[in-house]
Amino acid sequence: MDKYAEILAMAKRRGFLYPSFEIYGGVAGFYDYGPMGAALKRKIEDQWRKFYVLGEGFGEIMCPAVTPEEVFIASGHVKEFTDFVVECKKCQTAFRADHLIEETGLKIHQHNKETMDKMIAEAKIKCPQCGGEFAEAHPVNLMFNTKIGVGKNKNAYLRPETAQGMFLNFSSLYRHFRERLPFGAVQLGRGYRNEISPRQGLIRQREFWMAEAEIFFDPENKKHPRFAQMKDVKATLVPNTTREPVEMTLGDALSKGIVKNEALAYYIALTSKLFTTIGIDPARLRFRQHEHDEMAHYANDCWDAEAFLDKLGWVEITGIADRSAYDLSSHMKASGVDLSAMRKYDAPRTVERIAVKPKMKELGQKFKKDAGDVKKALESVDACAIGPEGIELEINGNKIFVEKELYEAAKVQETVYGERFIPHVIEPSYGIDRIFYTVMDHAFSRTKNEEGEEYTTLRLAPVVAPIKVGIFPLMCKDGLDKIAEEIEAKLRTAGIECQYDDSGSIGRRYARMDEIGTPWCITVDFDTLKDNTVTVRDRDTKEQKRVKIEALAPMFREKLGL
RNA sequence: GCGGCCGUGGUCUAGUGGUAUGACGUAAGCUUCCCAAGCUUAUUGUCCGGGUCCGAUUCCCGGCGGCCGCACCA
């Protein structure tokens, strides 16, 4: 068995992961977290919250997964998540229609079935594999489709990312954070993608957990107020220019222009620190800049955190993207709601501008029910758009001309306190399940004991270990088990997860704890009866030392930083 | 989605047209037991559906799942 298979077998045996719906044959792309897995996952999430909510002071929000269609039309996901696929009639190989067409040098102006079929037919594109004819294109959308309500219902999708929730609530969040940038909102929840063929276990699921932060910046100032604290953090960077890994501090990366702005650099450093804290091996972690054609439809720069996994190679576990103003602009346009922020001037400014005052009586007679829209458009028209004979406007997609008799244009003086702009967004987006698997993979260690048997230890960082302490009576005799049970109760009261075990030999019990990554084990032995001490055994060094029972809870709390 | 290989207790595995082997694990007990010791006892299985057959875990078909390759992975 390879290490990947070993980890999955162990994960199932020890209660970390179960294939979902197993008694009905299972469904690919879904996993259940067992008691150990759910605990480990939650502890990873807790550390993430410690960095983003406690450390950064961001606000955690929770939004529905079921999302009406217009949100994803505006965000671009309906279009970008739909691929047209064609299959060869002869050899059945499937290709993306747009890729085939673009390879011939043609440009696609409309992403629909008719255009794709027509272009493939006209360009006489044949199967690159066998030269066969293609069948008609069919759409493949990666979002789960559903309906809201019965009868007159509304099209909806399960969200493929949690980010949209932060954008939709931008105005409320902006007010919540007292209208000062930068601020961040975060969300930890499930996302859904109807993958065509999910494989590789937790790495590509159809329902998965993500932890996303959207930090809103003034585009003129993508500086991070606490960058000084991060400038000496080292990370392995792979820029898209050289494509060579280099280890350097984020301060250097920024001054050399490898990372474009302070905000991106800050979150690369923060991610590196978070991952080290939860036990990801820095030697198997790198940050790779996306190639220009690799970037998502919304991103203008992106660095992926990639972890090296046994068998799978380098796998993306986090994306840190500069989404610029893409999302807020799109939603502003689609919803008609203002999602801008205000950049206040140090002192109010007096400006002179030409204001257009519509004459409503004439306007009403000419434009009837459109008059209201015309009035709005006139009032916000730019001075340079005013022609000698009138103003050309676009109302609901129609070009109209407003003669100069229908309004008055006059210079006015106004006090302006600032200017409005659409904030830019830096988005660190963490794939929790992938991080979970990385933590398992990097902690998993196999050695041979003296008898040459394979021995598994999960070297989890104590902060994320599901069980912190195993408690064993050496034997169930002379009240040793009673004492052990009392210690268990005491540690639980002190907030330390522990597990009592009196089954099998002492070595077997250590082995069980080692396999689920428990960092410490306590053994109550016959000396305990004499001097009230127990042995505390360390998972990684296997060293034992005697500790007074009363000293146990404070000692573990200190080790765990509680 | 397509093609290839595969599917036996919780895990790994033997084997078979006549209800299935072993190991590990797990549980109870014995053993002053500190790194999967030993002994006794218990425990659970042929992925699902259909077909052929007196009889299918085995042969055939379909589904589901896994692995590999192609495609996909904003």
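Everything numeric here is computed off the predicted structure, so don't read it as measured data.
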Inset, instruction - Using a cut-off of strictly less than 4.0 Å between a heavy atom of the residue and any atom of RNA chain B, enumerate the qualifying residues of residues 467-476 of chain A by number. - result: L474(A), M475(A)

Inset, instruction - Starting from C1' on rC48(B), measure out to CD on E22(A) and report it in whole angstrom. - result: 13 Å

Inset, instruction - Describe the nucleic acid contact of R512(A) in one word from base, sugar-phosphate, nothing, applying a heavy-atom distance below 4.0 Å. - result: sugar-phosphate

Inset, instruction - Report yes or no: is the cationic atom of K542(A) (NZ for Lys, CZ for Arg) under 6.0 Å from the centre of the six-membered ring of Y455(A), at an angle within 45° of the ring normal? - result: yes

Inset, instruction - Classify the side chain of R539(A) and the base of rC35(B) as holding, or not holding, a donor-acceptor pair under 3.5 Å. - result: no

Inset, instruction - Kindly confirm or rule out a cation-pi arrangement of K41(A) over Y33(A), judged by NZ or CZ under 6.0 Å from the six-membered ring centre and within 45° of its axis? - result: yes

Inset, instruction - Determine the interatomic distance between P on rA20(B) and the same-named atom on rU58(B); round to the nearest Å. - result: 15 Å

Legend entry - Pairing of K3(A) and D441(A) as salt bridge, 4.0 angstrom limit: yes

Inset, instruction - Would you please indicate if the ring centroids of W314(A) and F308(A) are separated by under 6.0 Å? - result: yes

Legend entry - Same-atom distance (C1') from rG51(B) to rU13(B), integer angstrom: 30 Å

Legend entry - From rC33(B), rC67(B), rA36(B), nucleotide with atom closest to Y4(A) side chain: rC67(B)

Inset, instruction - Test for a donor-acceptor pair under 3.5 Å between the base of rG25(B) and the side chain of R508(A), counting only N and O atoms. - result: no

Legend entry - Ring-ring centroid check F208(A) Y192(A), cutoff 6.0 Å: no

Legend entry - Aromatic ring proximity F216(A)/F170(A), centre distance under 6.0 Å: yes

Inset, instruction - Establish whether the base of rA28(B) is bridged to the side chain of S503(A) by a donor-acceptor pair shorter than 3.5 Å. - result: no

Inset, instruction - Describe the nucleic acid contact of D525(A) in one word from base, sugar-phosphate, nothing, applying a heavy-atom distance below 4.0 Å. - result: base

Inset, instruction - In whole angstrom, give me the gap between the P atoms of rG3(B) and rA56(B). - result: 30 Å

